[in-house]
Each structure stands twice: as C-alpha cells, then as structure tokens.
Amino acid sequence: MKGGRSKAETKKADSKLSVKKGAAAASKSTKKGKPAKDPNKPKRPASAFFVFMEEFRKTYKEKHPNNKSVAAVGKAGGDKWKSLSAAEKAPYVTKAEKRKVDYEKELRAYNKKLAEGPAEEESEKSNSEVNDEDDEEGSGEEDDDEDDDEDDE
C-alpha cells in the first residue's frame with residue numbers, strides 16, 4: 001500500500017484516542033464540583049500595568065484610528081510599559097494601590113455581609129411559608145364564595 005497504515009496501527013491509534021477522551025471527560029467532571037462565582041463579589045483591582053493600558057489605549061486609538069487589532073495595541077502597550085522608568089510608572093502604581101485599598105474595603109464589607117447573609121435568607125423562607133399559609137386560607141374563602149354563587153342561582 002502507498003503510505004497507508006495497517007489495521008494494527010490504526011487500532012493502536014484508536015485506543016490512544018479513547019484514553020485521551022477518557023482523561024478529558026475526567027477533567028470535565030472535576031470542574032463540575034467548582035462553586036459558581038458570585039456576581040455580587042467585588043472585582044479584583046487592576047494592576048499598575050492595566051491602569052497604564054487604560055490610558056494608553058485611548059492615545060493609541062487617536063494616533064492609529066484605522067488599526068482594529070487588539071493584539072497590536074497590547075503589543076505596543078507592553079513595549080511602551082517596558083521602556084518606562086520607575087519614575088514614569090509611579091503615577092500608575094499609586095492609582096493601582098488606591099484601587100487595591102478600595103477593593104479591600106469593599107471585600108471586607110462583602111465578606112461581612114456574606115457572613116450575616118444566611119440568617120436573612122432563613123427569615124425570607126419563613127416569610128414565604130407564612131404567605132403560603134395565607135394563600136391556603138384565602139383559597140378556602142374563595143371556594144365558599146363560589147358555593148354562595150351557586151346557591152343564588
């Protein structure tokens with residue numbers, strides 16, 4: 001045969017593929033155990049580089065309005081950041097530190113609220129149970145009204 005594989009070789013390749021599929025399936029099942037992210041949790045603050053990039057993107061887009069490549073902006077920003085001295089990076093570092101302090105305050109408040117959260121959830125549950133009981137009582141009264149209507153006829 002011209003460049004073909006024998007049946008034995010293809011079976012070996014298939015068995016290797018099936019092992020890889022099994023490994024991939026096993027890694028997916030471990031991800032299911034990961035808890036979902038809380039959308040109310042504060043986002044982590046940007047580093048000094050990302051604070052710099054926020055400003056750099058604006059100036060880069062003004063100078064290069066036709067450039068649509070995100071990679072080009074990132075590459076140019078990275079090169080510019082590397083060329084900056086420590087003194088030139090200082091304002092971005094201070095902004096990043098300020099954001100970090102704000103984030104830590106928000107996170108402490110979030111964690112405190114989260115610790116108090118379960119007690120509030122229980123009270124909401126008990127309120128819903130009380131409302132359910134009211135609904136049951138209300139439905140009984142409605143049935144009486146319907147019976148009264150039938151008697152009127």
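Across K100, E104, E106, a single residue satisfies side chain to side chain contact (heavy atoms under 4.5 Å, CB included) together with P45, and that is K100.
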Distance-only donor-acceptor hits, side chain of residues 60-68, under 3.5 Å, sequence neighbours excluded:
{"unit_1": "Y60", "atom_1": "OH", "unit_2": "N67", "atom_2": "ND2", "d": "3.1"}
{"unit_1": "N67", "atom_1": "OD1", "unit_2": "S69", "atom_2": "N", "d": "3.0"}

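Judged by distance alone, the side chain of E116 and the main-chain N or O of K113 form no donor-acceptor pair under 3.5 Å.
In F50, the CZ atom is not crowded: 12 or fewer heavy atoms of neighbouring residues, nucleotides or ligands sit closer than 6.0 Å. Taking a 6.0 Å sphere around NZ of K89, one finds it holds more than 12 heavy atoms contributed by other residues, nucleotides or ligands.
Follow the hydrophobic side-chain contacts under 4.5 Å out from L114 and you reach Y103 in the same cluster. In the hydrophobic cluster analysis, where Ile, Leu, Val, Met, Phe, Trp and Tyr join through side-chain heavy atoms closer than 4.5 angstrom, L84 is grouped together with M53.
When side chains are defined from C-beta on, L107 counts as touching K41, because their heavy atoms get closer than 4.5 Å. F52 places a side-chain heavy atom less than 4.5 Å from the side chain of K80.
Going from atom OG of S47 over to atom CD of E97 covers 12.0 Å, rounded to the nearest 0.5 Å. Atom NZ of K112 and atom CZ of R108 lie 11.0 Å apart (nearest 0.5 Å). Within the model, atoms OH of Y110 and CG of D38 stand 3.0 Å from one another, a figure rounded to the nearest 0.5 Å.
What you find for A48 and A96 is that their closest heavy atoms are N-CB, 3.6 Å. Nearest heavy atom pair, residue F56 against residue V73, reads CE2-O, 3.7 Å.
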Worked check of salt bridge (charged side-chain N to carboxylate O under 4.0 Å, His left out) between K98 and D102: CA-CA 6 Å; K98 183 181 180 299; D102 291 343; 3.5 Å; yes
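N111 pairs by the side chain to side chain donor-acceptor pair (under 3.5 Å) definition with nothing, not counting sequence neighbours.
A salt bridge is absent between K82 and E88: the closest approach of a Lys/Arg side-chain nitrogen to an acidic carboxylate oxygen does not fall below 4.0 angstrom.
Between F49 and W81, the ring-plane angle classifies as perpendicular under the 30° and 60° cut-offs.
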